[in-house]
Amino acid sequence: MAIEELTKKEQIINFAQSDPFLKISDIAEYVQTTPRYVRTILSEANISLMKLREKYARNMEKRLKSDEHSELQAKVSLRDEYSYNSLVTSKIEIEKADENLYPDIERFRESDELVRIFQIQSVDDKPYCIHELITYMERDINRERLENLESVYDLLGRKGINNLQFMNNIITIESPSEPVNRHFQGVDNIILNKRMVLLNKIPIGIEKMYIRADLAKVEFAGELVI
């Protein structure tokens, strides 16, 4: 479903759930209506921006404290010969992305721009994994806010963690291409894991993980079907 196919009521609800830190006046401006109408719609839908913000904070705290992992999860880890080495995680970085390469990602606000947000994990000064999110963000995004995040997932949580849906992971073996090749120079093959991120059934981003094949091993729980 495209943004333009939504009614004003649906757009207001989506804006509130996608970013609970927006002001009523901001939502009204994006939907081209009045703050009073926005308050009415949110009230009728029993949506409180304050409660959404509190829920976001609780979910982030719960995620950071949780050490439990599903037995059905596939696990990617360093090969045994590197397992005793420490992983070093970089700060989150952001750069502009080419909209023509990602026509399936929806833009919520006309003023937003498509960006590539990424974070690098390294071992022995070698880039091991690049965690990347392609999504639309406000043009004047606060760089300090990015620096204070611990992972790309924190940014996804801001978009309404309870309303996010992740499509199936698609894993392929590829040769690194730009822009990741600048970090993986001299590497022949990488493991690429890609999945679409939806917010209330609307595609808002693509998450990718680029992992050096020569440093990693993949473990699958259960049966592998070919």
Side-chain angles (χ1 to χ4, degrees), residues 1-3 18 63 69-70 72-79 87 89-108 112-123 126-137 141 146 149-226:
M1 181 183 297
I3 298 296
S18 68
R63 186 188 66 78
H69 298 277
S70 169
L72 299 179
Q73 286 181 332
K75 181 181 179 182
V76 180
S77 58
L78 287 166
R79 293 189 180 184
L87 283 174
T89 303
S90 72
K91 291 183 178 180
I92 292 177
E93 300 183 53
I94 183 171
E95 60 186 34
K96 192 172 181 180
D98 186 351
E99 294 184 14
N100 296 320
L101 299 179
Y102 303 96
D104 295 333
I105 301 178
E106 291 286 348
R107 183 203 310 263
F108 272 84
D112 286 355
E113 67 176 0
L114 193 68
V115 293
R116 173 180 178 253
I117 304 160
F118 63 99
Q119 189 174 35
I120 303 173
Q121 285 187 314
S122 302
V123 60
K126 301 175 184 176
Y128 162 65
C129 173
I130 301 176
H131 188 189
E132 173 186 280
L133 175 66
I134 307 293
T135 189
Y136 280 98
M137 297 293 295
I141 183 170
L146 286 178
L149 298 179
E150 294 194 12
S151 79
V152 172
Y153 283 121
D154 291 345
L155 199 61
L156 277 177
R158 171 79 180 260
K159 288 180 174 292
I161 193 168
N162 284 343
N163 304 290
L164 289 176
Q165 178 184 4
F166 296 91
M167 303 304 289
N168 289 339
N169 292 286
I170 299 176
I171 300 176
T172 55
I173 305 295
E174 301 184 3
S175 297
S177 56
E178 293 301 333
V180 300
N181 187 49
R182 73 180 77 143
H183 305 291
F184 286 141
Q185 292 181 4
V187 176
D188 294 326
N189 294 306
I190 58 168
I191 302 169
L192 171 59
N193 182 76
K194 179 171 63 174
R195 61 179 178 173
M196 183 70 74
V197 184
L198 307 180
L199 176 62
N200 295 329
K201 300 182 180 181
I202 298 173
I204 64 164
I206 298 177
E207 181 192 19
K208 298 181 183 180
M209 287 190 181
Y210 305 88
I211 305 164
R212 280 184 59 157
D214 60 328
L215 300 180
K217 62 179 180 181
V218 184
E219 300 175 50
F220 293 93
E223 182 181 1
L224 181 63
V225 179
I226 299 178

Taken in chain and number order and not counting sequence neighbours, the residues that satisfy side-chain hydrogen bond (donor to acceptor under 3.5 Å, both in side chains) with S175 are none
Residue set satisfying side-chain hydrogen bond (donor to acceptor under 3.5 Å, both in side chains) with D112, at least two apart, ordered chain then number -> R109
Residue pairs meeting ring pair (Phe, Tyr, Trp, His ring centres under 6.0 Å), one or both in residues 175-204, sequence neighbours left out, come to F118-H183
Working to the nearest 0.5 angstrom, can you tell me the gap between [X] [atom1] and [Y] [atom2]?
X    : Y    : atom1 : atom2 : answer
K96  : L114 : NZ    : CG    : 9.5 Å
K208 : I170 : NZ    : CD1   : 11.0 Å
S177 : I190 : OG    : CD1   : 7.0 Å
R116 : T135 : CZ    : OG1   : 14.0 Å
Q119 : K91  : CD    : NZ    : 11.5 Å
L192 : E174 : CG    : CD    : 5.0 Å

Taking only residues two or more places apart in sequence, or in another chain, which ones meet [X] in a side chain to side chain contact (heavy atoms under 4.5 Å, CB included)?
X    : answer
M196 : D104, M167, L198, P203, I206
I171 : I191, N193, F220
N100 : D98
S77  : K75, K217, E219

With sequence neighbours left out, the residues meeting salt bridge (charged side-chain N to carboxylate O under 4.0 Å, His left out) with E99 are R107
Contacts of R212 meeting salt bridge (charged side-chain N to carboxylate O under 4.0 Å, His left out) (sequence neighbours excluded), chain-then-number -> D214
Query raised in the report: Is a salt bridge present between E93 and R182, judged by a nitrogen-to-oxygen distance below 4.0 Å?
Result: no
Smallest separation among heavy atoms of [X] and [Y], with atom names:
X    : Y    : value
L87  : Y128 : CD2-CD2, 3.7 Å
I134 : I105 : O-CD1, 3.5 Å
Y136 : E106 : CD1-O, 3.3 Å
R195 : N168 : CB-O, 3.6 Å
S122 : P127 : OG-CA, 3.6 Å

Report yes if some heavy atom in the side chain of M209 is under 4.5 Å from a heavy atom in the side chain of V76; otherwise report no. no
So, do V180 and E132 sit near enough that their side-chain heavy atoms are less than 4.5 Å apart? yes
If you count heavy atoms of other groups shown closer than 6.0 angstrom to NZ of K194, is the number above 12?
no
